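Computed from a predicted structure; not experimentally measured. In what follows, chains are A, B, ... by sequence order, proteins preceding strands, each numbered from 1.
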Amino acid sequence: MEKEILLYNTLSRTKEKFKTVTPGMVGLYVCGPTVYGDAHLGHARPGITYDVLVRLLLHLGYKVRYVRNITDVGHMENDADFGEDKIEKKARLEEVEPMEIVQHFTIRYHQAMKMLNTLPPNIEPRASGHIIEQISLAKNILEKGFAYESNGSVYFDVEAYNKKYLYGRLSGRTLEDMISNSRVLEGQEDKKSPFDFALWKKATPEHIMRWPSPWSEGFPGWHLECSAMSSKYLGETFDIHGGGMDLLFPHHECELAQNNAARGSGGVNYWMHNNMITINGQKMGKSLGNFITLEELFTGSHKILTQPFSPMTIRFFILQAHYRSTLDFSNEALIAAEKGYKRMMQAGRDLAKLKTKEGEASKEIRDLVKGVYIALCDDMNTPITIAHLFDAVKIVNIAKDKGSSITKGDMEQLNFLFNDIAKEVLGLADEAVVGDNSAVLEGVIELLLEIRKEAKSQKNFAKSDAIRDKLEGLGVNVKDTKDGTEWAL
RNA sequence: GGUACCCUGGCCGAGUGGUUAGGCAGCGGUCUGCAAAACCGCCUACAGCAGUUCGAAUCUGCUGGGUACCUCCA
């Protein structure tokens, strides 16, 4: 914890020294998924970005409470079907309960996140489980005079709020700009100003997800859930709130406004936003035909893909870019990432086989470790971290190539880089490692390679190549080196 | 139209007022029965134009291109 971390704070638009509210403890809230569809590429980026943040904080000795919500209330289909709830629409079409849909996609989301080797949040609250807290928060804002009831719904009074606090601070807008650039939409007669947003919405007769409230049978506004749940589990002022840049406005802006309105403070010390992923330079969207789910990536079943890509390839690919940059996704870029990832993992495996001798760690390798910490603590610069790790890869490969031994000090430092940094902090698991229960598989492969060796020594290359090709076809990569044959899954 | 951000070598992507990111691909070499891997060497860019500066890819302005968000609902 003696290491100082810099984090870019969207609120100040600068990198700031990270100081926790409570020494040694970090409260982190991240906006989670709306569970009305399969996890897609867009979910992978925040999932991995904040996972690395959590892993880094844990590595540096912090105790972390990581809260990520599940949004399962009142979301609408945004592509068409104006006014219809996203979850309800699917439920009616498929004739199942809304909560069945929610459960189905929550489980699938968890599976996808696990495959990407992300740590589960410490608390995963559901919006539908916190209706009471949300009603209470809406009441509080009403009492403070920053909201009003209208026809069974409760709206946040942006103009009243703007007089005391500035609305738009987080997203870099001003209310005046917004007013001068707005279009007039239909169906908003209940509101005093078109910028007011709903805290509570009266349900229409066909709306089946509904709860009683002092104002009407209805459902909470979207922004309310994150304000209510983050303060419930992390306190009225907590350290970090993260999410995608697409949530900056209006969602986070409204959260900030709700916090200020209810308690007189913003409640969040550091607002972090990850940037978006584009596909072949284009935004991902269902209408553009480039919408891609994580499952399609893992299985390769999408027209823009020529092959499946493993979860760790995706993770590596995402970490090769800084989280605040847009990242362009393409089949070609993924192939490059896959090769780089495999090369790094191979070096990690080779490291364990290097011979050691007595001696201290060299300055070169010590500097790499230092450089890795500087990069990680500088607003989570994972691409530079990876660049340093490739320097370590090269050191391992040279030692292996020359058959030379390295000092025990160097071994310790290199182990640190490959295990503590690459595997633990970056979360890059080695997919080629055979699991504990695969001793049989290992034995069989060794046996086949033994037979192949015999064939080779008898210059029966047809037979030896056949064994190699068959194994290759089954996903076992065979390499002949000076020191014998190696293999990896 | 508004707001924010971006435009780097064949591709992906860091970074920076004056010195080499890194990965992938490519080329030449070493090694090898062949292949793969690895190693050595090569490929040295910063949208365009103008300005500030001893010096800019890095600062400023303009032009062009791109991305996200833009009052309901989520």
Atom pairs, N/O to N/O, protein against nucleotides 33-35 of chain B, distance under 3.5 Å?
residue : atom : partner : partner atom : Å
G33(B)  : N1   : D465(A) : OD1          : 3.2
G33(B)  : N2   : D465(A) : OD2          : 3.0
C34(B)  : O2   : R468(A) : NH2          : 2.9
C34(B)  : N3   : R468(A) : NH1          : 3.1
C34(B)  : N4   : D480(A) : OD2          : 3.0
A35(B)  : N6   : D480(A) : O            : 3.2
A35(B)  : N1   : D480(A) : N            : 3.3
A35(B)  : N3   : R468(A) : NH1          : 2.9

Pairs under 3.5 angstrom, nitrogen or oxygen only, protein versus nucleotides 44-46 of chain B, please.
none

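The side chain of T278(A) lies closest to U67(B) when the candidates are U67(B), C24(B), A14(B). Taking only side-chain atoms of R13(A), from C-beta outward, the nucleotide of G22(B), C73(B), A4(B) with the closest atom is A4(B). Nearest nucleotide to the K339(A) side chain, out of G23(B), A25(B), C69(B): A25(B). Listed nucleotides: C73(B), A38(B), C70(B). Nearest to the side chain of Y155(A): C73(B). Of the listed nucleotides (C70(B), G23(B), C24(B)), C70(B) has the atom at the smallest distance from the side chain of R173(A). Listed nucleotides G13(B), C39(B), C72(B) differ in distance to F197(A); the shortest reach to its side chain belongs to C72(B). Checking G23(B), C72(B), C70(B) against every side-chain atom of K201(A), the shortest atom distance belongs to C72(B). Candidate nucleotides U67(B), C24(B), C12(B) were compared by shortest atom distance to the side chain of F317(A), and C12(B) ranks first.
Not counting sequence neighbours, K163(A) has no partner by the side chain to side chain donor-acceptor pair (under 3.5 Å) test. Contacts of K370(A) classified as salt bridge (Lys or Arg N to Asp or Glu O under 4.0 Å), with partners at least two apart in sequence or in another chain: D367(A). Contacts of A337(A) classified as side chain to side chain contact (heavy atoms under 4.5 Å, CB included), with partners at least two apart in sequence or in another chain: T313(A), F316(A), F317(A), Q320(A). Remark: D378(A) engages K15(A) in a side chain to side chain donor-acceptor pair (under 3.5 Å) (not counting sequence neighbours). Residues passing the side chain to side chain donor-acceptor pair (under 3.5 Å) test with Y341(A): none are found, sequence neighbours excluded. With sequence neighbours excluded, no residue forms a salt bridge (Lys or Arg N to Asp or Glu O under 4.0 Å) with D410(A). For N397(A), there are no side chain to side chain donor-acceptor pair (under 3.5 Å) partners two or more places apart in sequence or in a different chain.
Remark: R343(A) is not in phosphate contact with A37(B), judged by side-chain N or O atoms under 4.0 Å from OP1 or OP2.
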Reading RNA chain B 5' to 3', what string of ( ), [ ], | and . shows its pairs, if Watson-Crick and G-U wobble pairs count only when both distances fall under 3.5 Å? (((((((..(((.....[...))).(((((.......)))))....(((((..]....))))))))))))....
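Judged by distance alone, with hydrogens and angles left aside, the side-chain atoms of D72(A) form no donor-acceptor pair with the main-chain N or O of R126(A) at under 3.5 Å. Of the possible donor and acceptor atoms, one in the side chain of Q134(A) sits under 3.5 Å from a partner among the backbone N and O of A127(A).
Contact check for F390(A) versus V393(A): side-chain heavy atoms found under the 4.5 Å cut-off. Residues F309(A) and I335(A) meet the side-chain proximity criterion, which asks for heavy atoms closer than 4.5 Å.
Each of A321(A) and R324(A) was assigned the nucleotide of RNA chain B with the nearest heavy atom; the assignment lying further toward the 5' end belongs to R324(A). Along RNA chain B, the nucleotide nearest to A333(A) and the one nearest to H251(A) differ in position, and the one closer to the 5' end is contacted by A333(A).
Between M245(A) atom CE and C6(B) atom P the separation is 9 Å, expressed in whole Å. Atom-to-atom, CZ of F329(A) to P of G66(B) comes out at 22 Å; the value is rounded to the nearest Å.
What you find for Y323(A) and H273(A) is that their closest heavy atoms are CE1-O, 3.7 Å.
Side-chain polar atoms of T71(A) and N69(A) form a donor-acceptor pair below 3.5 angstrom. No hydrogens or angles considered: a donor-acceptor pair under 3.5 Å links the side chains of Q346(A) and R349(A).
Looking at heavy-atom distances under 4.0 Å, I398(A) makes contact with sugar-phosphate atoms alone, never a base. When heavy atoms are screened at a 4.0 angstrom cut-off, G221(A) is found touching the sugar-phosphate backbone but no base atom. A337(A) comes within 4.0 angstrom of no nucleic acid atom, judged by non-hydrogen atoms across all strands.
Within residues 378-394 of chain A, the residues approaching RNA chain B are N381(A), P383(A), I384(A), A387(A), F390(A), K394(A), by heavy-atom distance under 4.0 Å.
The salt bridge (Lys or Arg N to Asp or Glu O under 4.0 Å) analysis of residues 309-324 of chain A, with sequence neighbours excluded, yields the pairs D51(A)-R315(A), R324(A)-D379(A).
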